[in-house]
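Each chain gets a letter, A, B and so on, in the order its sequence line appears, and its residues count up from 1.
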2 protein chains.
Amino acid sequence: MPGHHPARGRRAAERKGDVRERAILDTCEALLEQKGYDAMTVGDIAQGAGITRGALYFYYGSKQEVVTALVARTVEHLWERSRATAQTDEPRQAITAAMRRTVELWNEHGLVMRTAIDLSLTVPEIGELWNHTADLFITAITAVLERAGIQAGTAPDQASAMARALCWMIERTFYHASQESREKLQDASATCEHIWLTSAGLIT
Amino acid sequence: MPGHHPARGRRAAERKGDVRERAILDTCEALLEQKGYDAMTVGDIAQGAGITRGALYFYYGSKQEVVTALVARTVEHLWERSRATAQTDEPRQAITAAMRRTVELWNEHGLVMRTAIDLSLTVPEIGELWNHTADLFITAITAVLERAGIQAGTAPDQASAMARALCWMIERTFYHASQESREKLQDASATCEHIWLTSAGLIT
DNA sequence: AGGAAAAGTCTACACGATGTCGATTTTTAC
DNA sequence: GTAAAAATCGACATCGTGTAGACTTTTCCT
């Protein structure tokens with residue numbers, strides 16, 4: 001709750017640094033698209049954001065920190081969207097809805113999501129961010145499977161373990177498809193949905 | 001067929017460089033395990049192999065080339081093993097056999113396989129190597145699915161597309177599990193096998 | 001054996017990217 | 001309007017990379 005007395009039409013002060021921070025992250029995202037992580041240099045990012053290297057280090061301690069912040073910003077989006085999604089009782093509908101939402105996510109944020117996956121090993125912070133995101137998905141899938149009649153539990157053929165495998169299937173399939181085209185993503189989604197439905201026992 | 005006249009007990013000459021090359025690759029693999037790709041420096045590899053940086057550049061043009069060679073050596077193994085596997089007619093048996101073989105592969109070469117996956121984007125040569133390997137698996141899975149009665153074709157619910165998704169599921173699931181322990185790998189295998197069987201229509 | 005060519009090795013160098021420091025300027029808040 | 005905080009800059013030290021040229025060892029042929 002910032003701004004204790006909203007009188008005087010002046011909007012809450014926004015630090016100049018906040019704008020720069022956003023500019024840096026935006027530039028980083030653009031460069032990631034153009035040249036990829038390795039080729040992208042700290043100098044490039046600074047230049048794109050309209051400052052020098054030295055100034056950039058005032059905001060972030062390294063290239064990895066910049067990218068971590070970018071991933072965090074994007075992943076925040078996913079969590080919000082995830083929370084806002086209405087729960088459906090009917091498993092078939094739930095699965096279809098989940099897959100449609102996933103396609104949207106990858107269409108909008110495919111680049112950053114792929115980057116997050118790629119850097120999960122080398123940058124522990126990003127790894128944690130992505131793991132947490134995956135856990136949200138796995139929990140959701142587990143719930144759907146159980147509602148579809150799959151036995152709850154962690155044994156290899158029970159809901160929890162299956163959900164994990166299905167999550168990785170979706171991650172990897174979308175990862176590859178999103179590098180190609182929107183059409184491929186759509187196809188990939190249909191295939192994943194089919195396997196998910198089958199695994200849930202909802203298809204012959 | 002080297003050595004045109006096997007007389008004289010002298011074994012076929014092995015270039016000194018061949019030994020070094022192997023030492024370099026072995027060292028690289030060890031360091032990959034100890035410090036990971038990023039932390040590992042060309043100097044480290046050279047030192048481990050008993051030569052200086054300068055000498056190493058005589059064999060490989062860069063760190064990436066060294067790792068590419070390591071991946072190539074490992075992947076060669078996979079292909080051989082893949083070729084040597086007897087084909088089973090009964091789908092259920094084929095799936096079980098394939099999963100058992102996959103567990104073995106990841107137990108033996110997990111580290112290099114994970115590295116190959118990680119570097120697939122940044123090092124095109126490794127990407128090709130790994131893609132080709134994946135294609136072998138996808139083809140094999142497709143064949144099994146078709147023999148189990150899944151309709152052939154590339155539509156989202158037909159054998160080819162399903163095989164691709166299942167392949168990525170296995171890759172990613174094993175990738176994560178092989179970082180943990182052999183037990184996890186075994187569990188992961190059981191889960192993947194179950195989903196594969198279900199997708200093939202071989203389980204209620 | 002012996003000597004030239006090929007294979008292997010080393011040290012030194014140039015380059016590019018990183019991250020740090022202290023000085024300086026701009027913003028913010030009172 | 002001014003002092004503290006925020007932001008920016010340029011210069012520097014460091015480290016890893018890749019290249020070049022000189023030198024040594026191995027291989028192979030006669």
Is the shortest distance from a Lys or Arg side-chain nitrogen in [X] or [Y] to a carboxylate oxygen in the other one below 4.0 Å?
| X | Y | answer |
| --- | --- | --- |
| B/R53 | B/D44 | no |
| A/E21 | A/R15 | no |
| B/E171 | B/R114 | no |
| A/E108 | A/R81 | yes |

Applying side chain to side chain contact (heavy atoms under 4.5 Å, CB included) to B/I126 and B/L121, what does each step give before you reach the verdict? CA-CA 8 Å; B/I126 294 183; B/L121 311 101; over 6 Å; no
In this structure, how many angstroms lie between the [atom2] atom of [N] and the [atom1] atom of [X], rounded?
| X | N | atom1 | atom2 | answer |
| --- | --- | --- | --- | --- |
| B/D18 | D/dT27 | CG | P | 10 Å |
| B/E21 | C/dT9 | CD | C1' | 15 Å |
| A/Q47 | D/dG10 | CD | P | 13 Å |
| A/F58 | C/dT26 | CZ | P | 16 Å |
| A/R22 | D/dA7 | CZ | P | 13 Å |
| A/K63 | C/dT20 | NZ | P | 16 Å |
| B/E65 | D/dG18 | CD | P | 9 Å |
| B/L56 | D/dG16 | CG | P | 15 Å |

For C/dG8, does the base pair up with any side-chain atom of B/R20 as donor and acceptor (N or O, under 3.5 Å, distance only)? no
Any N/O donor-acceptor pair, A/R53 side-chain to D/dG10 base, under 3.5 Å: no
May I ask you to evaluate whether A/R15 reaches the phosphate of C/dA29, defined as a side-chain N or O under 4.0 Å from OP1 or OP2?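 Looking at the OP1 and OP2 atoms of C/dA29, one of them is under 4.0 Å from a side-chain N or O of A/R15.
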Hey, is the side chain of A/Y59 poking within less than 4.0 Å of OP1 or OP2 on D/dT8, counting only N and O atoms?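 Yes, within the criterion.
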Just verifying a value: how many Å separate B/L56 CG and B/I51 CD1, rounded to the nearest 0.5 Å? 5.0 Å
Interatomic distance, CG@A/L111 vs CH2@A/W106, rounded to 0.5 Å, equals 10.5 Å
Ignoring the backbone of B/A55, work out which of C/dT9, D/dG18, D/dC9 is nearest its side chain.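 Of the options given, the side chain of B/A55 lies nearest C/dT9.
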Residues from residues 35-46 of chain B lying under 4.0 Å of DNA chain C - heavy atoms: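 Nothing qualifies; none.
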Need one value for A/G17: base, sugar-phosphate or nothing, where a base atom within 4.0 Å counts as base even if backbone is also close, heavy atoms only.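 A/G17: backbone/sugar contact only, no base atoms under 4.0 Å.
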